[in-house]
**Q** 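One structure is given below, represented as structure tokens, and several questions about it will come after.
Quick note on labels: first sequence line is chain A, next is B, and so on, each numbered from 1.
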2 protein chains.
Amino acid sequence: MPRPRSLTQDQLAAAALAVIDRDGLAGLSMRAVAKELGMSTMGLYRYVADRDELEGLVVERVLSTVDPSPPATDAPWRDRIEIMVRRLRDSVSAHPAAVPLTMTHRHRLPGLLRWSESMLGLLAEAGVEGEQRVVALRGLISYVVGAIQLEHLGSLSGAGTVTISELPRDRFPYMAEAGRQARGIDADREFFGGLAVYLRGLGG
Amino acid sequence: MPRPRSLTQDQLAAAALAVIDRDGLAGLSMRAVAKELGMSTMGLYRYVADRDELEGLVVERVLSTVDPSPPATDAPWRDRIEIMVRRLRDSVSAHPAAVPLTMTHRHRLPGLLRWSESMLGLLAEAGVEGEQRVVALRGLISYVVGAIQLEHLGSLSGAGTVTISELPRDRFPYMAEAGRQARGIDADREFFGGLAVYLRGLGG
DNA sequence: CTGTTAGGAGTACGCCGTACGCCTACGTGA
DNA sequence: TCACGTAGGCGTACGGCGTACTCCTAACAG
């Protein structure tokens, strides 16, 4: 008998994401999102309890684009894990300004449950069993989460590297060389290079 | 000839850290830090340009407690890398509420340069050469950064695990088992278990 | 002594999240 | 048909934030 809702939570999330993509995370405010939707600020509170919940919706929307099903290939498990990881990375990277949110609101991530389920299946296929399998999954997620963040909060070949390659060569011989090497490595090679190290540690 | 400063930047950082440890990151404000130091709010601006700089000082203070020198042991390189990583983790974990800051202010981290230098030395000893060495270091940092964050934003054996082990067992067979297994794994075993996977992938 | 600079306090502005109240529009069960 | 319950929409208000600015005093170096 009540009057039907005129917006969905997903529409709120879309508006918030539009604000974030345009004005950065610092530009996200209840007032800005309301303006984006052409409604009054307080109207938002009909759909979310507070800003925190809105941020959760944004994260949900970003991660909902991750395909959680195991790749339909007969490629080796390592390649299939890489495909799964690449999907996650691509979805998150599509909205770099929202990356910090993704970390803070890991809780309500129903979409990632299915992703994790597929991942555990691949790990089982790789011969990882028992407690080791849980540890392997969490470790993998840790790597992915950390790498994505580092990637979007100052790249390897960015300003930091310049400072590094200017370090006194006598006290920082390794760093100086690393700084030189780093210039030739793009973000993709770095990310999947590190992933390959981890996967090599996993199995036979 | 000028009047001498009565506070150091490190004292500001200490006061800010005290506020964070007591009231959480949300409790950190210029007003709160000023009160902690018994001075007026605007007095802080004699020592820092803005809040961002203050946060940087806090991170610097937390990470300054990391011993960057290579461990003086003749243990295998894997063990020595683990020692280096453990130092970093211990320092960060001493102020869990400040963890999000640590991620955001990675730039100005002179202390970690020496830590990285030592780490690169150990990687060289492990036989990792050339570009692979840079990738290995960044990958290691990614894992550590990600794992520390996951650890402090909802633990493996926390509320999330309960939800997981309640998933429909037919559609999430792996997750259900993982949820059961996870209860027996504490944060330490999880962290160093994942690290061990990565290190196994590095060498011989 | 004098000039320079730090110290300290206070005020004010423009943001923020959000509590609250008011009146209107709608769709349904009576 | 109509009254009721809920959503819509708008505006105001409060307390907190970062920080720009001003004014006066205190301490040291030449």
**Q** For M30(A) and dC10(D), what is the distance between atoms CE and P respectively, to the nearest whole Å?
**A**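 These atoms are roughly 16 Å apart.
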**Q** So, applying side-chain contact (heavy atoms from CB on, under 4.5 Å) with E55(A), which one of V59(A), V58(A), D52(A) is it?
**A**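 Of all the options given, the one that passes is D52(A).
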**Q** Take the protein atom CD of E55(A) and the nucleotide atom P of dG17(C), then report the distance between them rounded to whole Å.
**A**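 From E55(A) CD to dG17(C) P: 9 Å.
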**Q** So, do Y143(A) and F191(A) have ring centers that fall under 6.0 Å from each other?
**A**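 That pair passes the under 6.0 Å test.
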**Q** Measure from OH on Y45(A) to P on dG11(D) and round the result to the nearest Å.
**A**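 Nearest whole value for this atom pair: 17 Å.
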**Q** For dG16(D), does the base pair up with any side-chain atom of R31(B) as donor and acceptor (N or O, under 3.5 Å, distance only)?
**A**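 No pair found.
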**Q** Report which part of the nucleic acid T41(A) touches: base, sugar-phosphate, or nothing (heavy-atom distance under 4.0 Å, all strands).
**A**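 Result for T41(A) = base.
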**Q** Between C1' on dG7(C) and CG on L7(B), what's the gap in Å once rounded to a whole number?
**A**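 L7(B) atom CG is separated from dG7(C) atom C1' by 11 Å.
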**Q** Pick one: which of V33(A), L44(A), L28(A) meets side-chain contact (heavy atoms from CB on, under 4.5 Å) with R51(A)?
**A**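 Of the listed options, the one satisfying the test is L28(A).
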**Q** Could you state the CG-P distance from L44(B) to dA6(C), rounded to the nearest angstrom?
**A**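 That distance rounds to 16 Å.
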**Q** Using whole Å, what does the distance between atom C1' of nucleotide dG17(C) and atom CZ of R51(A) come to?
**A**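 From R51(A) CZ to dG17(C) C1': 9 Å.
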**Q** In terms of the nearest nucleotide of DNA chain C, which residue is placed more toward the 5' end: M42(A) or G27(A)?
**A**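 Taking each residue's closest nucleotide, the earlier one in sequence belongs to G27(A).
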**Q** In whole angstroms, how far is the C1' atom of dC17(D) from the NZ atom of K35(B)?
**A**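 Distance check: K35(B) NZ to dC17(D) C1' gives 14 Å.
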**Q** In this structure, how many angstroms lie between the C1' atom of dG11(D) and the CE atom of M39(A), rounded?
**A**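 In whole Å, dG11(D) C1' and M39(A) CE are 14 Å from each other.
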**Q** Will you find, in the side chains of E60(A) and Q9(A), an N or O donor that is under 3.5 Å from an N or O acceptor?
**A**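 E60(A) vs Q9(A): no donor-acceptor pair found between side chains.
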**Q** Just call it for R46(A): base, sugar-phosphate, or nothing, with non-hydrogen atoms closer than 4.0 Å on any strand.
**A**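 Base contact - R46(A) has a heavy atom under 4.0 Å of at least one base atom.
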**Q** Tell me what S29(A) touches on the nucleic acid: a base, only sugar-phosphate, or nothing, going by heavy atoms under 4.0 Å.
**A**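 Contact class for S29(A): sugar-phosphate only.
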